[in-house]
Amino acid sequence: MSFVEYSELIQEGDVAIIFLGHDSMFPLMVQSGAQTQTRYGVIRHSTDLIGRRYGSKVTCSKGGWVYVLHPTPELWTLNLPHRTQILYATDIANITMMLELKPGSVVCESGTGSGSLSHAMLRTIAPTGHLYTVEFHQQRAEKATEEFREHKVDHLVTVLNQDVCKDGFGVTGVADAVFLDIPSPWEAVGHAKSAMKRQGGRLCSFSPCIEQVQRTCAALAEHGFGEICTLEVLLRLYDVRAVSLPLPDFGPDDPSRTDPGVPDRAGPSVPTNTAVTCRTAIAPREMAGHTGYLTFASKSLV
Ligand SMILES: C[S@@+](CC[C@H](N)C(=O)[O-])C[C@H]1O[C@@H](n2cnc3c(N)ncnc32)[C@H](O)[C@@H]1O
């Protein structure tokens with residue numbers, strides 16, 4: 001197993017996703033001899049996991065079952081241990097596209113945080129690209145390094161424990177793209193520019209507040225970036241539900257005939273026995289709120 005390559009069979013040392021339901025999953029490190037408790041009973045790694053196919057339905061000791069899924073950056077984002085606020089798939093998808101990431105891209109990122117975005121970027125730039133990620137919080141930098149090793153993507157990433165605003169990304173003239181998710185991105189714009197290839201590249205900065213966006217845009221313009229554009233991406237999910245719609249009562253077709261199915265005009269205006277049931281998509285009452293503004297810019301060859 002690796003987060004950038006699919007394997008058929010579950011092996012010792014893999015990180016598998018145990019799927020109990022759409023809103024109930026957890027990651028598990030597969031170890032021979034180990035046991036994991038779920039609400040459906042125990043999973044015994046040696047007999048229930050090792051050597052079985054990813055996607056298998058595994059029966060637990062109490063007779064209930066779970067699915068064992070191959071890890072992906074999307075599943076990791078939903079299940080990772082939070083050490084910071086993280087980016088979710090909707091923003092990540094747009095960042096990946098707008099930064100024009102592809103296999104072979106060299107990317108600089110700060111901060112690493114919980115590594116949610118880093119995993120998605122690594123999957124996109126593999127097998128020949130590289131991610132330089134900068135995190136000034138020592139424990140977070142160490143934990144991310146450990147996770148990249150466990151997920152077998154450490155050959156694609158360099159984690160630097162330093163302040164990106166003071167010390168930059170540790171590389172010059174190599175990046176196709178730079179991504180910033182820090183409180184004062186405007187202080188890192190100069191370092192972002194020098195980390196990027198001479199012939200140019202793309203930059204993205206994620207900020208929750210519009211005042212941060214204003215300062216970042218001003219710094220980008222000062223440093224000669226072009227195509228500066230800020231956007232917000234809002235996701236609307238729909239639930240599929242069976243709904244019952246009452247049919248309107250327009251009265252009998254022929255007033256001289258009394259239809260036994262339709263009550264007379266003095267009765268209720270919407271007869272209870274005339275309704276249709278259909279499956280439809282329903283917008284949720286509450287929508288996911290604001291995550292942050294995404295500011296994109298291009299460094300062009302001058
Ligand atoms: C919101 S988190 C990033 C989350 C990340 N994008 C993810 O998806 O998991 C911001 C991180 O930036 C780090 N940070 C803030 N300012 C920094 C700086 N000047 N240099 C390096 N890291 C910084 C913080 O320690 C924190 O871990």
Exercise for review: Show your working on side-chain contact (heavy atoms from CB on, under 4.5 Å) between D154 and T145 and close with a plain yes or no.
Suggested key: CA-CA 7 Å; D154 49 331; T145 307; over 6 Å; no
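- Here the CG atom belonging to L231 is positioned 8.0 Å from the OG1 atom belonging to T295, to the nearest 0.5 angstrom.
- Between the side chain of K193 and the backbone N or O of H223 there is at least one donor-acceptor pair closer than 3.5 Å.
- Two different hydrophobic clusters hold V58 and F19 under the rule that ILVMFWY side chains link at heavy-atom gaps under 4.5 Å.
- Contact between M196 and V178 at its shortest, heavy atoms only, is CG-CG2, 3.6 Å.
- Atom OG1 of residue T274 and atom CG of residue L245 lie 11.5 Å apart, to the nearest 0.5 angstrom.
- Checking side-chain atoms of Q212 against main-chain N and O of S184 turns up no donor-acceptor pair under 3.5 Å.
- Contacts of Q162 classified as side-chain contact (heavy atoms from CB on, under 4.5 Å), with partners at least two apart in sequence or in another chain: V134, L160, D167.
- Between Y293 and H290, the ring-plane angle classifies as tilted under the 30° and 60° cut-offs.
- In this structure, F225 is not a member of the same hydrophobic cluster as V107, with clusters built from ILVMFWY side-chain heavy atoms closer than 4.5 Å.
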Review point. Could you go step by step and tell me if K197 and V174 meet the side-chain contact (heavy atoms from CB on, under 4.5 Å) rule?
Key: CA-CA 5 Å; K197 284 184 175 155; V174 298; 5.5 Å; no
Practice item. Show the numbers, then the answer: is there a side-chain contact (heavy atoms from CB on, under 4.5 Å) between R279 and V240? Key: CA-CA 7 Å; R279 277 172 91 74; V240 176; 4.0 Å; yes
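- In terms of heavy-atom proximity, S244 sits nearest to T277 at OG-OG1, 3.7 Å.
- With rounding to the nearest 0.5 angstrom, the CD1 atom of I18 is 11.5 Å from the CE atom of M25.
- Under the 4.5 Å side-chain heavy-atom criterion for Ile, Leu, Val, Met, Phe, Trp and Tyr, V189 and F296 are members of distinct hydrophobic clusters.
- Minimum interatomic distance between L131 and I125 (heavy atoms only, all atoms of both residues): N-CD1, 3.8 Å.
- Remark: side-chain polar atoms of T84 are not paired, donor with acceptor, to backbone N or O of G113 under 3.5 angstrom.
- Atoms CD and CG, from E109 and D181 in turn, are 8.0 Å apart once rounded to the nearest 0.5 Å.
- Donor-acceptor pairing under 3.5 Å is lacking for the side chains of R83 and S114.
- Remark: side-chain polar atoms of T112 are not paired, donor with acceptor, to backbone N or O of G115 under 3.5 angstrom.
- Using a 4.5 Å heavy-atom cutoff, the side chains of I17 and Y67 are not in contact.
- Between the side chain of S116 and the main chain of L87, a donor-acceptor pair closer than 3.5 Å is present.
- With no hydrogens or angles considered, no side-chain donor-acceptor pair links D176 and S105 at under 3.5 Å.
- Panel note: side chain S194, backbone H191; a donor-acceptor pair is recorded below 3.5 Å.
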Practice item. Give the intermediate values and the outcome of side chain to side chain donor-acceptor pair (under 3.5 Å) for residues E227 and S298. Key: CA-CA 6 Å; E227 299 177 313; S298 298; 2.4 Å; yes
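- Between the side chains of H119 and T77, not a single donor N or O lies within less than 3.5 Å of an accepting N or O.
- Taking CE of M1 as the start and NE2 of H70 as the end, the distance is 6.5 Å to the nearest 0.5 Å.
- Closest approach of P81 and E147 over heavy atoms only: CG-OE2, 3.8 Å.
- By the rule that hydrophobic residues join a cluster once side-chain heavy atoms approach within less than 4.5 Å of another member, L203 and I228 end up as members of one cluster.
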Practice item. Step by step, work out the side-chain contact (heavy atoms from CB on, under 4.5 Å) result for L294 and T230. Key: CA-CA 5 Å; L294 293 169; T230 297; over 6 Å; no
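- For E146 and K143, the salt-bridge test passes: some basic side-chain N is under 4.0 Å from an acidic carboxylate O.
- Judged by distance alone, the side chain of R44 and the main-chain N or O of A34 form no donor-acceptor pair under 3.5 Å.
- Follow the hydrophobic side-chain contacts under 4.5 Å out from F169 and you reach L220 in the same cluster.
- The shortest non-hydrogen separation linking V159 to A141 is CG1-O, 3.8 Å.
- Here the shortest heavy-atom pairing between S46 and G33 reads OG-N, 2.7 Å.
- Residues F3 and W76 place their aromatic rings such that the two centres sit under 6.0 Å apart.
- The list of side-chain hydrogen bond (donor to acceptor under 3.5 Å, both in side chains) pairs with a residue in residues 3-23, not counting sequence neighbours, reads E8-R53, E12-S32, D14-Y54.
- Taken from CD1 in I182 to CZ in F136, the straight-line distance is 8.0 Å, to the nearest 0.5 Å.
- No side-chain donor-acceptor contact under 3.5 Å links Q35 and H45.
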